[in-house]
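Both ligands and their constituent atoms are indexed starting at 1 by order of listing.
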Amino acid sequence: MKIGLAQMDISFGRPDENKKQVQKWVEKADEAGCDIVVFPELWTTGYDLTRISEIADEDAKDISGFLSELSSKYSIHIIGGSIAKKTEDGVSNTLLVAENSGNIIKEYDKLHLFKLMDEHHYLLPGKEDGLFTLMDTVMAGMICYDIRFPEWFRRHVVEGAKAVFVVAQWPAERISHWKTLLTARAIENQCFVIACNRTGSDPKNEFGGHSLIINPWGDIIAEGTLEEELITADIDLNEAAEVRKKIPIFQDRRPEFY
Ligand SMILES: O=C(O)CCC(=O)C(=O)O
């Protein structure tokens, strides 16, 4: 299975411009022969939080339709990063997954809001897990700060996830945390970690790129730079079972003690 990470820059507060860019990245991923393409966090709006309720997508209708059309046109699965989704309760940071048939098979709202970037003042936290099934395999989606919560990540793997997608706007100044946390999550959970960060900057932050594809042994098999680029790797999901056979942590866990 070939994965492509669309490590893109994001135009601050300009959903229409970002949609044009996303369309180009899907075309690039299709030309590169990818089965799945992954986008970063809040790609429609960026962190334009003071205007978020004006520019968020009402019930995610527009973007769901947009991703649905692209996925079926190019016959590619899209882990559609996350977007600002507006409902009558408020705005959430919502990850969308579009299957290559055009069906939207998952919406996951970021569970852990990141106070350092003021999310808690403008966004609603999620209440549901990030599990979904794609290509007959259980997978999961997480959003940025979620990776600092190993118990959340673990829960998804215990419930069957063999690959966990992470979509992010992770600042450059903490990129060493990004790399270390993602590698640890892959080693301790013996799963693929497929993580797409953005590049560029907004009025408050420089973002760190370095999107990563990490195998269940914890080896980095593809890594981005700071530039905009499509990062690709071929992965074999059976590797998770092989690593789990060699070091059977899921048999050896003693959850009654923790
Ligand atoms: O945890 C971090 O250092 C970055 C998290 C973040 O930027 C986010 O959740 O948007």
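- One finds no salt bridge joining Lys246 and Glu242 here, because no Lys/Arg side-chain nitrogen approaches an Asp/Glu carboxylate oxygen to under 4.0 Å.
- Side-chain contact check for Gln190 versus Pro248: every heavy-atom pair is 4.5 Å or farther apart.
- Of all protein heavy atoms, the one closest to atom 6 (C) of ligand 1 is Cys144 SG, 3.1 Å.
- If you look at Ala168 next to ligand 1, there are no close heavy atoms at all, none under 4.0 Å.
- Ranking protein heavy atoms by distance to atom 1 (O) of ligand 1, first place goes to Arg148 NE, 2.6 Å.
- Residue Pro171 has at least one heavy-atom neighbour below 4.0 Å for each of these atoms of ligand 1: 7 (O).
- By the 30° and 60° cut-offs, the orientation of the rings of Trp43 relative to Phe66 is tilted.
- Between Tyr108 and His156, the angle of the ring planes goes over 60°, which puts this pair in the perpendicular group of the 30/60° scheme.
- In this structure, Tyr47 has a heavy atom closer than 4.0 Å to ligand 1.
- Residue Arg174 has at least one heavy-atom neighbour below 4.0 Å for each of these atoms of ligand 1: 2 (C), 3 (O), 4 (C).
- Using a 4.0 Å cut-off between heavy atoms, Tyr145 contacts ligand 1 through both its backbone and its side chain.
- At least one heavy atom of Glu41 sits less than 4.0 Å from an atom of ligand 1.
- Classification of Asp109 and Lys127 as a salt-bridged pair fails, no side-chain N sitting under 4.0 Å from a carboxylate O.
- Under 4.0 Å from ligand 1, not a single heavy atom of His177 appears.
- Here Phe207 has no heavy atoms under 4.0 Å from ligand 1, in either its backbone or its side chain.
- Under a 3.5 Å cut-off, the side chain of Asp129 and the backbone N or O of Leu131 do form a donor-acceptor pair.
- With respect to atom 9 (O) of ligand 1, the closest heavy atom belonging to the protein is Lys110 NZ, 2.7 Å.
- No option in Asn93, Thr94, Thr44 other than Asn93 meets the side-chain hydrogen bond (donor to acceptor under 3.5 Å, both in side chains) test with Ser82.
- Between Glu107 and Lys85 a salt bridge is recorded (basic side-chain N to carboxylate O distance below 4.0 Å).
- At a 4.0 Å heavy-atom cut-off, ligand 1 touches Gln169 through the backbone alone.
- Near Met117, meaning under 4.0 Å from one of its heavy atoms, ligand 1 places the atoms 7 (O).
- Under the 3.5 Å distance criterion, the side-chain polar atoms of Glu119 are matched with a main-chain donor or acceptor of Phe114.
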